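So you know, we letter chains A, B, ... as the sequences are listed, proteins then strands, and number each from 1. Everything numeric in this text was worked out from a predicted model, so none of it was measured.
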Number of protein chains: 2
Amino acid sequence: MPNDTKDLILNAAEALFAEHGFGSTSLRKITTKAGVNLASVNYHFGSKEALINAVFERRIVPMNQQRIERLKGLQEDYSGRSIPLEVLIETFIGPAMALAADQGKGGAVFIRLLGRSYTEPSATLQQAIRGLYGPVIERFKLAFSQVLPELPPEEIYWRMHFMVGLLAYMMAGTDMMRLIASCQVCDPLDIPATVKRLSVFLSAGMGAPQRGGEIESR
Amino acid sequence: MPNDTKDLILNAAEALFAEHGFGSTSLRKITTKAGVNLASVNYHFGSKEALINAVFERRIVPMNQQRIERLKGLQEDYSGRSIPLEVLIETFIGPAMALAADQGKGGAVFIRLLGRSYTEPSATLQQAIRGLYGPVIERFKLAFSQVLPELPPEEIYWRMHFMVGLLAYMMAGTDMMRLIASCQVCDPLDIPATVKRLSVFLSAGMGAPQRGGEIESR
DNA sequence: GTCTATAGTCAGATAGAC
DNA sequence: GTCTATCTGACTATAGAC
């Protein structure tokens, strides 16, 4: 049922959370926008916090499945040989950006929300997201180690952290882009171009030679 | 007066905003933590929103002054010659990271807040921050153009955007670092090491050769 | 400048009829 | 499953004594 009450609530909540944040979005605003009864949120989800988790699960689970499947396919295609760094990176950022481009499924709204969630202080939400991400991160960590064998494990972790962080920021996609006020040519909604630019930038960063001795391992 | 009521409020607000976000932090919690009267926030600042702006101004103004001064010094030192890319990048991220290291001035708390503000939806706050950042961005944009003359202007804008974004994310510094669960060696509080790693990563990304034809300008 | 008291609004959650 | 009605508590903001 696509227009189930549950989905109506999830859609409205997703949009409002993305636009105004969690703390400033009340259940009243959500149910009004969804056109459903105020009490139905607590009936279907139990609490506001549980609703927030549900909003994330609905999209993150398929997105990370896609990442893992694409990585598996890649590892078969390149069996034995080394996967090009840039291809690996695009496999990671692609599904996120694809969701952003998928207007029909409301992905564009969600992706902003996802970006925001990375800086969200709520402990329970962070824990939930960590659970949803853990397996993906570990799989890609292994893949990156093979592609970049000259880098020590902790440097791989740091650089993946940078990659995830930058992706999250791009996805948050607030008007901070306009910080750089005079950049009228920059169109953040041109997803394929953004993916390309990001992947060039990230490939260079991820693959940068580690400068001997200047960073001591701890 | 270091322990002015105004400063007590600013300190408490800064800490609570950083920990719980804006929407979830009430004036009651702030005044309780500060040990001052509930009404004093409205007396000194006028409203909650004005308090939020004041929290940011107190730290951003000196930080950006520092950035500009260091850039000026750099341009004198290298008069005529080209500033090394990595030096320029460290001039930009240094003052932010220095604030993070400056426990005494409460900078570490603020820097998380600053990171969070980049994904904050409040329109008025974004406008205020944009005003505080504009001049710095434009100055550095010019400097980057000189250091990277082979890149077209819009590519410079995009990459600065990536740089600011990644810096913001690092500063938000929630436990998302722990996403990469098994990374026990990564210590986000080791500021000098983090600056070095970031600057290596960003220098490679900022200076990456643009791949001919694959990104079409719009 | 600092306090108390309170107005006025809105929140999340639930009980119980249908 | 959906609705109305309502409880209880928290919120911002302000008026007015000191």
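Using a 4.0 Å heavy-atom cutoff across all strands shown, A:Ser40 reaches no nucleic acid atom at all. Residue-level contact check: A:Thr25 touches the backbone only, with heavy atoms under 4.0 Å from sugar-phosphate atoms and none from bases.
Relative to the side chain of A:Ala39, the nucleotides D:dT2, C:dT4, D:dC3 differ in distance, and D:dC3 lies closest. Side-chain proximity of B:Leu38 to the nucleotides D:dA15, C:dG12, D:dA13 is greatest for D:dA13.
A donor-acceptor pair under 3.5 Å is formed between the side chain of A:Lys48 and the backbone N or O of A:Thr25. Under the 3.5 Å distance criterion, the side-chain polar atoms of A:Arg67 are matched with a main-chain donor or acceptor of A:Phe92. Between the side chain of B:Ser40 and the main chain of B:Asn37, a donor-acceptor pair closer than 3.5 Å is present. Remark: side-chain polar atoms of B:Ser26 are paired, donor with acceptor, to backbone N or O of B:Lys29 under 3.5 angstrom. In this structure, the side chain of B:Arg159 engages the main chain of B:Met206 through a donor-acceptor pair within 3.5 Å. When atom types are taken as modelled, the side chain of A:Thr31 and the backbone of A:Arg28 share a donor-acceptor pair closer than 3.5 angstrom.
B:Ser26 has a side-chain polar atom (N or O) that falls below the 4.0 Å cut-off from OP1 or OP2 of D:dC11. Contact annotation: A:Thr5 side-chain N/O to D:dT2 OP1/OP2 distance is under 4.0 Å. The phosphate of C:dG1 (OP1 or OP2) has no side-chain N or O of B:Asn37 nearer than 4.0 angstrom. OP1 or OP2 of D:dA13 lies within a sub-4.0 Å distance of a side-chain N or O belonging to B:Asn42.
Residue whose closest nucleotide on DNA chain C sits further toward the 5' end, between A:Tyr43 and B:Val36: B:Val36.
Taking atom CG on B:Leu8 and atom P on C:dC3, their separation rounds to 11 Å, with Å as the unit. Regarding A:Lys6, its NZ atom lies at a distance of 11 Å from the P atom of D:dT2, rounded to whole Å. C:dG1 atom C1' lies 15 Å from atom CG of B:Asp7, rounded to whole Å. Counting to the nearest Å, the C1' atom of C:dC3 and the CD1 atom of B:Ile9 are 13 Å from each other. Separating the CG atom of A:Leu16 from the P atom of C:dA11 is a distance of 12 Å, rounded to the nearest angstrom.
One finds the CD1 atom of B:Ile9 at 9.0 Å from the CG atom of B:Asp4 (value rounded to the nearest 0.5 Å).
DNA chain D is contacted by no residue of residues 45-55 of chain A, taking any non-hydrogen atom closer than 4.0 Å.
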